[in-house]
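The chain is numbered in sequence order, starting from 1. Just so it is clear, the structure is predicted and the values come from calculations on it, not from any experiment.
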Amino acid sequence: MRTATLGPVERAEALAKMAERELDMLVVGAGVVGAGTALDAATRGLSTGLVEARDWASGTSSRSSKLIHGGLRYLEMLDFALVREALKERGLLLERLAPHLVKPVPFLYPLQHKGWERLYAGSGVALYDAMSVSSGHGRGLPVHRHLSRRQALRVAPCLKKDALVGALQYYDAQMDDARYVATLVRTAASYGAHVATRARVIGFLREGERVVGARVQDVESGGEYEIRAKQVVNATGVWTDDTQALIGERGQFHVRASKGIHLVVPKDRIHSTTGLILRTEKSVLFVIPWGRHWIVGTTDTDWDLDKAHPAASSADIDYLLEHVNSVLAVPLTRDDVQGVYAGLRPLLAGESDATSKLSREHTVAHPVPGLVVVAGGKYTTYRVMAKDAVDEAVHALDQRVAACVTENVPLVGAEGYGALWNARARTAARTGLHVVRVEHLLNRYGSLIEELLTLIADDPKLGEPLGGAEDYLRAEVVYAASHEGARHLDDVLTRRTRISIETFDRGTRCARECAELMAPVLGWDKEHIEKEIEHYEKRVEAERESQRQPDDLTADAARLGAPDIVPI
């Protein structure tokens, strides 16, 4: 299988090919579900197109808690089927599909009551582990263990002594959500899917009642394409209702948005060797290891304002700081916060007024002939959602279509990752890179590391770290534009890397260096470079301003002060 390159030439070719002849399936929306649906369809032998109005994972799928988990709290709701399904998917991702991207992560659950709480919580975690093993894909993670208060404080010295009487430690998994989606898209393209970002659906093609394709606008050039398809899949997440409105159909269900915000703080601000999971009055709070940082989140509040750029208010930030500080011996302050990001969960409405109690299970519907809608769900079970969406679509195809095979289709970079990891010291010696740099590249690109090493061999300066964002190499910026579909500075600083949330300056210090690295690949002149930098700086300032506002309405107004699209 040839690994697909997603550069500017390939994007133009993909749009032209989608418009050339009728596809079997057109997928609208390239979050994790849309990307997964394109991969599922392509690996069944269907001619497949995938269009995304902005960038891969630019909505919900780049703004999650970065966890691949079974949903421990759903056990408390007695939703055993959802937990069992998610645990199986977690195991598949860890062991077979994406071992280079999905990694185990430990969590400590502090106990605050003697006796009954240990029995209650311990039974739940024991069942969680048992269900994981029984799925056939859970043997790679350590089982949970019970800790005394002294043992707990040894692994998490950051905790107040009076904040716990003991603890449980268990394991889940994590990934870089945006990188995962970009890798998923490249995998779909490697199996023949035509994929394009900055390609917005502005209308559907109809023959009578039937949907037979979509009108797609190239947001970069302003051109329009008519893309015909036997089946169209609406996988637009929190935009589901907006997309349905293009055909005058609200659909058979309503998708409601719940906002969750996260704080990113430096590793040295919280002294712990394990992540933390804490109960709040509304939901749960995670403190998640994230490289040289911690992610603290999340909130869970209704959101009906701008979907493209949900804003974190000052009240949101205070809420998280207050709750995490209730257990920390050395409290966090606003000055400790390096990054803030807000995302929207697509929840199926109508079951509960409280967003934290709305279903995370997904629904697939066929509201009109030729159009399938998939919505709801959670990141971990994206592959099941994609399978169900394609299964629904192929019922209406006048041809025999193979069953889903994605359970056995590793993502690009997974094949050979284990062997390369074992040989990382030799790779470091061969290339002159420090072994820590090689590990960093392996855990972001897997066996595709050789493509980056080739760039560095051709231009040794690309092997140097970015100024102001030393965790990343200059080669990664070039590679993002040449191979991963990055079209703008924001794509690189926010999603191909996570510089926008991992540095106190939010990426403004390295913005010029990155833009100049991208320019030769994307054909930018000096004027365009300046536009990209100015656009990014305005975005950062608008986000900072929104985070100083007291509530959602004022935060949303401040965030909308920056333009959405880089001017041509």
Side-chain angles (χ1 to χ4, degrees), residues 1-11 56 97-103 175-176 178-191 195 291-292 410-487 489 491-499 502 507 510 513-523:
M1 182 189 74
R2 181 185 63 85
T3 301
T5 296
L6 304 182
V9 172
E10 289 79 11
R11 174 184 176 275
W56 317 131
L97 303 184
H100 55 315
L101 301 176
V102 181
K103 305 293 178 182
M175 48 61 216
D176 180 332
R179 170 142 302 281
Y180 189 93
V181 174
T183 307
L184 198 54
V185 172
R186 287 190 71 191
T187 309
S190 296
Y191 283 99
V195 302
R292 295 201 297 158
L411 271 56
V412 291
E415 206 71 53
Y417 163 74
L420 285 169
W421 180 260
N422 293 341
R424 61 194 184 280
R426 289 213 320 269
T427 302
R430 169 170 62 89
T431 60
L433 293 174
H434 193 284
V435 68
V436 172
R437 294 284 186 196
V438 174
E439 290 174 352
H440 162 87
L441 294 176
L442 282 169
N443 285 330
R444 283 169 55 75
Y445 307 95
S447 54
L448 299 180
I449 186 176
E450 292 299 332
E451 296 180 348
L452 285 106
L453 295 178
T454 298
L455 289 176
I456 294 169
D458 292 343
D459 181 358
K461 286 187 177 180
L462 296 181
E464 298 172 4
L466 286 167
E470 287 78 12
D471 285 351
Y472 298 93
L473 298 179
R474 288 161 55 89
E476 297 183 73
V477 176
V478 175
Y479 188 79
S482 64
H483 286 68
E484 296 181 329
R487 302 281 302 165
L489 184 57
D491 299 343
V492 170
L493 293 175
T494 307
R495 287 173 291 277
R496 300 308 182 280
T497 70
R498 307 321 287 264
I499 293 169
E502 292 176 347
C510 67
E513 183 180 1
C514 289
E516 290 174 350
L517 287 165
M518 296 171 71
V521 180
L522 298 175

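Here Glu451 pairs with Arg186 in a salt bridge; the nearest charged N to carboxylate O distance falls below 4.0 Å. In this structure, Glu502 does not pair ionically with Arg292, as no charged nitrogen and carboxylate oxygen lie closer than 4.0 Å. The pair Asp491-Arg495 meets the salt-bridge criterion, with a side-chain N (NZ, NE, NH1 or NH2) lying under 4.0 Å from an Asp/Glu carboxylate O.
Of the residues Thr431, Leu420, Leu433, the one that meets the side chain to side chain contact (heavy atoms under 4.5 Å, CB included) test with Leu441 is Leu433.
A donor-acceptor contact under 3.5 angstrom links the side chains of Glu476 and Tyr445, judged on distance only.
Closest approach of Pro8 to Val521, counting heavy atoms only: CG-O, 3.6 Å. Taking all atoms of both residues into account, the shortest heavy-atom contact from Leu442 to Arg424 is CD1-CB, 4.0 Å. In this structure, Ala475 and Leu455 approach most closely via the heavy-atom pair O-CD1, 4.1 Å. Of all the heavy atoms in Ser190 and Val412, the pair that sits closest is OG-CG1, 3.8 Å. Of all heavy-atom pairs between Arg179 and Arg496, the closest is NH2-O, 3.1 Å. Contact detail for Trp56 and Gly485: the closest heavy-atom pair is NE1-CA, 4.2 Å.
More than 12 non-hydrogen atoms from other residues, nucleotides or ligands lie less than 6.0 angstrom from CD of Glu10.
Checking side-chain atoms of Thr5 against main-chain N and O of Gly7 turns up no donor-acceptor pair under 3.5 Å. Checking side-chain atoms of Arg474 against main-chain N and O of Leu517 turns up no donor-acceptor pair under 3.5 Å. Side chain of Glu415 to main chain of Ser447: no donor-acceptor pair is present (N/O by atom type, distance under 3.5 Å, no hydrogens or angles).
Interatomic distance, Thr497 OG1 to Leu466 CG, rounded to the nearest 0.5 Å: 7.5 Å. Considering OH of Tyr417 and CG of Leu101, their distance stands at 9.0 Å, rounded to 0.5 Å. Between the CD1 atom of Ile456 and the OH atom of Tyr479 there is a distance of 11.5 Å, given to the nearest 0.5 Å. Distance check, rounded to the nearest 0.5 Å: CZ of Arg498 to CZ of Arg444 gives 9.0 Å. From His100, atom NE2 reaches atom CG of Leu97 across 10.0 Å, with rounding to the nearest 0.5 Å. Atoms CD and NE2, from Glu439 and His434 in turn, are 9.0 Å apart once rounded to the nearest 0.5 Å.
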TODO: Output, in order, the C-alpha distance, side-chain angles, deciding distance and verdict of side-chain contact (heavy atoms from CB on, under 4.5 Å) for Asp459 and Val478.
DONE: CA-CA 11 Å; Asp459 181 358; Val478 175; over 6 Å; no
Leu6 vs Glu484, test: side-chain contact (heavy atoms from CB on, under 4.5 Å). Steps then yes/no.
CA-CA 5 Å; Leu6 304 182; Glu484 296 181 329; 5.9 Å; no
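Two residues are said to be in side-chain contact when any heavy atoms from C-beta on lie closer than 4.5 Å; Leu452 and Leu473 fail this criterion. Looking only at side-chain heavy atoms (C-beta outward), Asp471 and Pro465 stay at 4.5 Å or farther from each other. Counting only heavy atoms from C-beta outward, the side chains of Val477 and Leu493 never approach each other to under 4.5 Å. When side chains are defined from C-beta on, Arg430 counts as touching Leu453, because their heavy atoms get closer than 4.5 Å. Residues Ile449 and Val438 have side chains in contact (heavy-atom distance under 4.5 Å, counting atoms from C-beta outward).
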